[in-house]
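Numbered from 1 within each chain, the chains take letters A, B, ... in sequence-line order.
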Amino acid sequence: MECGIGGACLAVWEEERYPEGIKWKFLEHKGPVFAPPYEPLPENVKFYYDGKVMKLSTKAEEVATFFAKMLDHEYTTKEIFRKNFFKDWRKEMTSEEKSTITNLSKCDFTHMSQYFKAQSEARKQMSKEEKQKIKEENERLLKEYGYCVMDNHKERIANFKIEPPGLFRGRGNHPKMGMLKRRIMPEDIIINCSKDSKIPAPPPGHKWKEVRHDNKVTWLVSWTENIQGSIKYIMLNPSSRIKGEKDWQKYETARRLKKCVDKIRNQYREDWKSKEMKVRQRAVALYFIDKLALRAGNEKEEGETADTVGCCSLRVEHIKLHPELDGQEYVVEFDFLGKDSIRYYNKVPVEKRVFKNLQLFMENKQPEDDLFDRLNTSILNKHLQDLMEGLTAKVFRTYNASITLQQQLKELTNPDDNIPAKILSYNRANRAVAILCNHQRAPPKTFEKSMMNLQSKIDAKKEQLADARRELKSAKADAKVRRDEKSKKTVESKKKAVQRIEEQLMKLEVQATDREENKQIALGTSKLNYLDPRISVAWCKKWGIPIEKIYNKTQREKFAWAIDMAEEDYEF
DNA sequence: GTAGTAACTTAGTATGACCTTC
DNA sequence: GAAGGTCATACTAAGTTACTAC
């Protein structure tokens with residue numbers, strides 16, 4: 001690229017073109033795709049109440065099918081889920097239904113559930129042609145509604161389909177689980193596009209809630225969801241210019257933090273000694289955010305969401321102080337539920353001053369009291385803004401994730417390794433980041449089995465290797481006796497065979513290690529959201545690793561800017 | 001400071017396409 | 001061609017941040 005930092009050129013050009021928060025000049029799209037209308041159950045699929053067949057009204061039946069489809073799920077056994085579901089279901093019933101159906105436990109959805117299972121089974125058993133037909137229909141939909149024109153580019157839309165109605169499945173212990181997520185109608189929809197574009201037509205007989213032309217935002221379509229009352233949006237794909245640029249900007253901000261992080265660290269260390277309680281709390285919280293990559297931790301309305309916390313919203317009950325633990329001094333034991341109700345558990349030795357401060361913050365408090373009672377994310381972010389323009393709590397997560405990847409790659413990559421071994425090193429570096437950011441996953445259901453399969457493959461390969469080695473040995477012995485060209489050649493080919501099998505075996509063993517270490521760790525989130533892709537691109541270039549080994553097709557599309565931009569000497 | 005709203009990023013999981021193996 | 005495993009993708013919930021009005 002002629003200007004070294006290609007993206008910077010683009011941004012300058014961008015800034016010139018779009019002053020003060022203008023996101024686009026032209027935006028045209030086809031509007032959203034609505035969920036298919038409800039298809040009533042066939043007559044022979046029955047619902048039973050209190051042991052007796054009962055024909056439900058269409059509206060009540062639709063909501064009943066949502067429950068029936070989830071019958072095998074643990075959710076439907078939870079009291080809150082059942083209570084919320086039943087309450088919302090009753091709202092959809094006719095008055096007769098309402099007076100008959102008074103107890104969820106007397107409802108028998110099993111026949112309906114069996115019907116849906118049979119349906120999904122039938123879907124799996126469909127012929128190639130039928131599947132092809134569905135595929136083509138999806139492609140047609142994508143072609144028609146999946147793209148928009150933003151300025152001079154045709155861009156892929158991320159989620160052009162409106163979320164279908166169903167039962168709300170919150171994560172963790174969510175007080176609203178089981179509530180009815182209502183069907184979204186054109187009358188709920190706000191369309192955003194440019195004035196001079198072809199405005200999408202609502203479905204026949206319907207109207208949009210509103211059509212607006214706001215080029216200070218990036219969304220195409222929005223509606224208000226009925227569970228939390230929050231707004232949902234249709235936006236562009238990560239491969240789009242508008243998302244890519246924002247992503248690039250994010251990493252540039254993190255790189256600016258790199259330049260002043262030492263100063264900031266010195267500053268908060270000083271602040272641990274401050275006379276002001278607020279300043280001390282801010283400094284300790286920032287230390288956690290920096291050292292442990294914790295999230296900011298906004299306050300949440302009680303009873304509206306699952307009880308989860310981040311740094312600023314930590315409560316006394318979430319930490320334990322150990323003046324000494326397992327031979328280490330001043331250990332803080334964290335145990336709390338973070339985003340998505342993922343548990344954060346960690347024992348961390350901290351500096352004495354931090355420890356003493358924590359003791360102070362916890363004095364005379366109840367377990368359910370805020371640890372940082374003088375602090376919230378707004379105060380913290382205002383302070384960060386003063387330290388560096390554009391600095392917020394989450395920049396630390398990005399910074400620490402990316403710098404960790406870079407440093408781990410340096411440390412772990414062995415120049416003499418072959419490609420699979422180098423990729424293992426990459427994954428290990430990625431894993432270090434995922435552990436830092438606490439990106440967990442449920443172990444895959446098939447994990448044990450797939451490990452066993454892999455192991456038996458390894459065993460088979462080992463036997464094969466032993467055989468090949470025996471053959472090589474006898475070929476060598478043979479060649480020694482015969483001393484002719486043909487037997488020499490045989491030795492050579494046997495040697496090659498041994499080498500080939502050795503390589504295959506190693507590849508399998510590496511795969512097994514990688515998989516085992518990854519059992520409960522999710523690499524995708526950090527790869528997609530926290531790791532400056534230019535680090536990975538540079539690493540691939542440096543070691544001759546094909547980029548496809550690190551990024552799949554979608555990821556390559558998302559990171560096209562970085563693949564284009566980064567050379568092998570790129571430094572985060 | 002507080003509370004509420006809007007916009008946008010980050011997150012784990014369910015689903016289904018695809019590939020391999022028998 | 002069925003079965004089984006793996007991987008990518010779709011989905012949508014759950015965060016963060018900025019901003020506004022009191």
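Regarding contacts with the backbone of dA14(C), a side-chain N or O of Gln228(A) is found under 4.0 angstrom from either OP1 or OP2. Close to dA13(C), at under 4.0 Å from its OP1 or OP2, lies no side-chain N or O of Lys339(A). An OP1 or OP2 oxygen of dA7(B) is reached within less than 4.0 angstrom by no side-chain nitrogen or oxygen of Thr218(A). Put simply, Lys243(A) has a side-chain N or O that comes within less than 4.0 Å of OP1 or OP2 on dT9(B). A sub-4.0 Å separation between OP1 or OP2 of dA11(B) and a side-chain N or O of His439(A) is present. Of the side-chain N and O atoms in Lys23(A), one or more sit less than 4.0 angstrom from OP1 or OP2 of dC8(B). A sub-4.0 Å separation between OP1 or OP2 of dA7(B) and a side-chain N or O of Lys216(A) is absent. Between Asn298(A) and dT16(C), a side-chain N or O to OP1/OP2 separation shorter than 4.0 Å is present. Listed pair Lys181(A) / dA13(C) meets the phosphate criterion, a side-chain N or O lying under 4.0 Å from OP1 or OP2. Phosphate proximity of dT17(C) to Asn381(A): present, with a side-chain N or O under 4.0 Å from OP1 or OP2.
The residue among Asp247(A) and Ile379(A) whose nearest nucleotide of DNA chain B is located toward the 5' end is Ile379(A). Position along DNA chain B of the nearest nucleotide to Ser222(A) versus Lys250(A) favours Ser222(A) as the more 5'-ward residue. A residue-by-residue look at Ala158(A) and Val309(A) shows that Ala158(A) has its nearest nucleotide of DNA chain C further toward the 5' end. Judged by closest nucleotide on DNA chain C, Glu225(A) is the one of Ala296(A) and Glu225(A) placed further toward the 5' end.
Rounded to a whole Å, the OH atom of Tyr551(A) is 18 Å from the C1' atom of dC7(C). Taking atom CG of residue Asn376(A) and atom P of nucleotide dA18(C), one finds them 13 Å apart after rounding to whole Å. Distance CG (Asn237(A)) to P (dT12(C)): 16 Å, rounded to an integer number of Å. Taking atom CE of residue Met235(A) and atom P of nucleotide dC11(C), one finds them 17 Å apart after rounding to whole Å. Computed from coordinates, the Leu523(A) CG to dA11(B) P distance equals 13 Å when rounded to whole Å. Across the protein-nucleic acid pair, Asn159(A) atom CG and dT9(B) atom P stand 12 Å apart, rounded to whole Å. When rounded to the nearest whole Å, the span between CD of Gln249(A) and P of dT17(C) equals 15 Å. Taking atom CD of residue Glu548(A) and atom C1' of nucleotide dC7(C), one finds them 16 Å apart after rounding to whole Å.
The side chain of Tyr233(A) approaches dA7(B) more closely than any other nucleotide in the set dA7(B), dT2(B), dA14(C). Nearest to the side-chain atoms of Arg169(A) among the listed nucleotides dG12(B), dT9(B), dA14(B) stands dA14(B). Of the candidate nucleotides dC11(C), dA11(B), dT17(C), dA11(B) has the atom lying nearest to any side-chain atom of Tyr530(A). Of the candidates dT12(C), dT16(C), dT13(B), dT12(C) carries the atom nearest the Glu163(A) side chain, counting heavy atoms from C-beta on. Candidate nucleotides dA7(B), dC8(B), dG12(B) were compared by shortest atom distance to the side chain of Arg212(A), and dA7(B) ranks first. Among dT9(B), dA11(B), dC8(B), the nucleotide with an atom closest to any side-chain atom of Arg397(A) is dA11(B). Looking at the side chain of Ala522(A), the nearest of the listed nucleotides dG12(B), dT12(C), dA7(B) is dG12(B). Residue Asp340(A) has its side chain nearest to dA11(B) when only dA11(B), dG15(C), dT17(C) are considered. In this structure, of dT9(B), dT16(C), dT12(C), it is dT16(C) that holds the atom nearest to the side chain of Arg295(A). Nearest nucleotide to the side chain of Thr525(A), out of dA7(B), dG12(B), dA18(C): dG12(B).
Using a 4.0 Å heavy-atom cutoff across all strands shown, Ala393(A) reaches sugar-phosphate atoms only and no base atom. If you check every strand for non-hydrogen atoms under 4.0 Å, Gly524(A) touches nothing. Within 4.0 Å of Arg171(A), counting heavy atoms only, lies at least one base atom of the nucleic acid. When heavy atoms are screened at a 4.0 angstrom cut-off, Gly310(A) is found touching no nucleic acid atom at all. No engagement by Pro238(A) is indicated, since no non-hydrogen atom pair under 4.0 Å with the nucleic acid exists. Looking at heavy-atom distances under 4.0 Å, Thr377(A) makes no contact with the nucleic acid at all.
The backbone N or O of Pro175(A) lies less than 3.5 Å from a partner atom in the side chain of Asn84(A), making a donor-acceptor pair. A distance-only check finds no donor-acceptor pair linking the side chain of His383(A) to the backbone of Ser378(A) [under 3.5 Å].
Ring planes of Phe334(A) and Tyr344(A): perpendicular class, angle over 60° (limits at 30 and 60°).
In this structure, Phe109(A) has its ring center closer than 6.0 angstrom to the ring center of Trp89(A).
Summarising the local packing, NZ of Lys365(A) is surrounded by more than 12 heavy atoms from other residues, nucleotides or ligands at distances under 6.0 Å. Atom CD of Glu137(A) sits in a crowded spot, with more than 12 heavy atoms from other residues, nucleotides or ligands closer than 6.0 Å.
Geometrically, Lys154(A) engages Tyr147(A) in a cation-pi contact, judged by NZ or CZ lying under 6.0 Å from the ring centre and within 45° of the ring axis.
For the residue pair Tyr268(A) / Asp290(A), a side-chain donor-acceptor distance below 3.5 Å is found, with atom types taken as modelled.
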